[in-house]
Amino acid sequence: WELTPRFASMIGADFEELQALVDDDPYVQRVWATALALAWLEEHAESLKVEWQMLATKAAWWVDNPSAQPLGGGSWMEFARGRVQSAPSGKA
């Protein structure tokens, strides 16, 4: 996925806030957006998992094997899950 204003809107987040959490490297922004998309699916589309599971498996492999780490270390998925779960009610 690409980190764009439209993407941020689709997951119920603020684009500038998401962008401020990572550096300007396009690769890092794609990894971040992909991790956010996976975390959003886990949190908000569990009942449809059969529909997105195959895509998520490939995306998760890519996110788990990046050449860059999120600020503060850890995994991109942990970083994204923390963002999705900490969003105000009704937002991702």
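All values reported here derive from a predicted model rather than from experimental measurement.
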Can you measure from CG (L41) to CD (E51) and round to the nearest 0.5 angstrom?
11.5 Å
Distance from W1 atom CH2 to W40 atom CH2, nearest 0.5 Å?
11.0 Å
Verify the cluster assignment for Y27 and V22: are they in a single hydrophobic cluster under the rule of side-chain heavy atoms below 4.5 Å apart?
yes
When rounded to the nearest 0.5 angstrom, what is the spacing between OG1 in T34 and NZ in K58?
11.0 Å
Report the C-alpha distance between Q29 and D24 in whole Å, list the side-chain angles of each, state the deciding distance to 0.1 Å, and finish with yes or no for side chain to side chain contact (heavy atoms under 4.5 Å, CB included).
CA-CA 7 Å; Q29 290 193 6; D24 292 335; 4.1 Å; yes
Look at the side-chain heavy atoms of Ile, Leu, Val, Met, Phe, Trp and Tyr, link any pair under 4.5 Å apart, and say whether M54 and V63 land in one connected group.
no
Linking I/L/V/M/F/W/Y whenever their side-chain heavy atoms sit closer than 4.5 Å, directly or via other members, would F15 and L18 fall into one cluster?
yes
Could you give the distance from CD (E43) to CZ (R81), rounded to the nearest 0.5 Å?
10.0 Å
In one Ile/Leu/Val/Met/Phe/Trp/Tyr side-chain cluster, 4.5 Å: L55, V50
no
Looking only at heavy atoms, which two atoms of E2 and A33 are closest? And how far apart?
C-CB, 3.7 Å
Straight-line distance of L48 CG to Q53 CD, nearest 0.5 Å
12.0 Å
To the closest 0.5 Å, what do you measure between CZ (F79) and CH2 (W32)?
4.5 Å
Within-4.5 Å side-chain heavy-atom neighbours: L38 and W76
no
